[in-house]
Visitor: 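This is the structure I want to talk about, given as structure tokens.
In each ligand, atom 1 is the first atom listed, and ligand 1 is the first ligand listed.
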Amino acid sequence: MEFFIDSANIEDIKKAKDMGLVDGVTTNPTLIKKAGKDHKATIQEISQFIDGPISVETLGHTAEEMLEEANEYITWGNNIVIKIVMTPEGMKAVKQLSAKNIKTNVTLVFSPLQGLIAAKAGATYISPFLGRLDDIGHDGLTIIEQTRTIFDNYKFKTKILAASIRHPMHILDSAQMGADVATVPAGTLFKLFEHPLTANGIEAFIKDSKAWATSAV
Ligand code: E4P
């Protein structure tokens with residue numbers, strides 16, 4: 001399973017990259033707002049030190065508007081993925097970008113049928129939002145399971161990118177269900193290292209190393 005970091009915060013992305021946790025990056029308008037810097041400058045900075053795919057979200061309503069943004073975004077880095085919302089106009093844009101071999105990530109996916117439509121349009125990734133489904137009392141993970149079955153049945157190459165991850169269990173369950181990628185906020189990524197037995201074990205080893213016998217020379 002690949003890990004993408006769901007962030008536009010340069011420090012967090014660098015920190016996670018150094019830990020070997022960043023195969024790619026996803027951004028959205030809210031994350032750009034949180035990062036507090038210019039959109040283009042932020043993406044260009046990220047693409048200077050990340051080789052993997054970087055998803056950049058279009059804001060237009062029509063396919064023409066999205067395509068115009070996509071043409072601009074692909075000049076911002078070497079591995080830009082055009083993030084497009086799950087709408088009829090969005091799927092028109094995905095079809096055209098896919099024909100030009102430009103990578104796309106269909107976002108705001110909340111059902112396996114939306115995932116199927118995006119795969120038929122030629123999307124590189126689809127992003128089912130687990131946490132936001134859980135928030136309204138639906139089981140977000142079911143969508144991963146159902147979409148995996150559909151994509152395997154018809155041999156779609158579109159990758160399932162588990163998004164709106166809220167906690168480590170979302171990652172564990174998505175991995176078991178066969179999601180290709182999880183895009184994870186920095187705080188949740190760092191939590192993956194934590195285990196009380198690891199912390200206790202380190203403490204005990206350090207304590208014992210201080211009580212080592214020394215051999216007489
Ligand atoms: C995915 O690409 C989205 O940016 C993200 O996962 C949304 O997560 P949220 O529901 O926590 O905002």
Visitor: Run the numbers for me: atoms of ligand 1, each under 4.0 Å from some heavy atom of D6, listed by number.
Guide: 1 (C), 2 (O), 3 (C), 4 (O), 5 (C), 6 (O), 7 (C), 8 (O)
Visitor: Show the atoms of ligand 1 that are less than 4.0 angstrom away from any heavy atom in A163.
Guide: 1 (C), 6 (O)
Visitor: In terms of side-chain geometry, is the basic nitrogen of K14 or D18 positioned less than 4.0 Å from the acidic oxygen of its partner?
Guide: no
Visitor: Got more than 12 heavy atoms from elsewhere within 6.0 Å of CG, D51?
Guide: no
Visitor: Any idea which protein heavy atom is nearest atom 8 (O) of ligand 1, and the distance to it?
Guide: S164 CA, 3.4 Å
Visitor: Which ligand 1 atoms, with their elements, are less than 4.0 angstrom from a heavy-atom of K83?
Guide: 1 (C), 2 (O), 3 (C), 4 (O)
Visitor: Can you find an N or O of S127 that's nearer than 3.5 Å to an N or O of ligand 1?
Guide: no
Visitor: So which of T147, N153, T149 actually passes side chain to side chain contact (heavy atoms under 4.5 Å, CB included) with F151?
Guide: T147
Visitor: Specify the protein heavy atom at minimum distance from atom 7 (C) of ligand 1: its residue, its atom name, and the distance to 0.1 Å.
Guide: F129 CE2, 3.6 Å
Visitor: Is it the case that T26 and S55 place a side-chain donor and acceptor less than 3.5 Å from each other?
Guide: no
Visitor: Could you tell me whether ligand 1 has any atom less than 4.0 Å away from a heavy atom of T107?
Guide: no
Visitor: Indicate whether the side chain of D12 and that of S7 have a donor and an acceptor atom separated by less than 3.5 Å.
Guide: no
Visitor: Name the closest protein heavy atom to atom 4 (O) of ligand 1, giving the residue it belongs to and the distance to 0.1 Å.
Guide: N28 ND2, 2.7 Å
Visitor: Which word best sums up how the rings of Y154 and F156 line up, parallel for under 30°, tilted for 30 to 60°, or perpendicular for over 60°?
Guide: tilted
Visitor: What protein heavy atom sits nearest atom 12 (O) of ligand 1, and how far off is it?
Guide: R132 NH2, 2.8 Å
Visitor: More than 12 heavy atoms of other residues, nucleotides or ligands under 6.0 Å from CD of E72: is that the case?
Guide: yes
Visitor: Identify the protein heavy atom lying closest to atom 11 (O) of ligand 1, giving its residue, its atom name and the separation to 0.1 Å.
Guide: R166 NH1, 2.9 Å
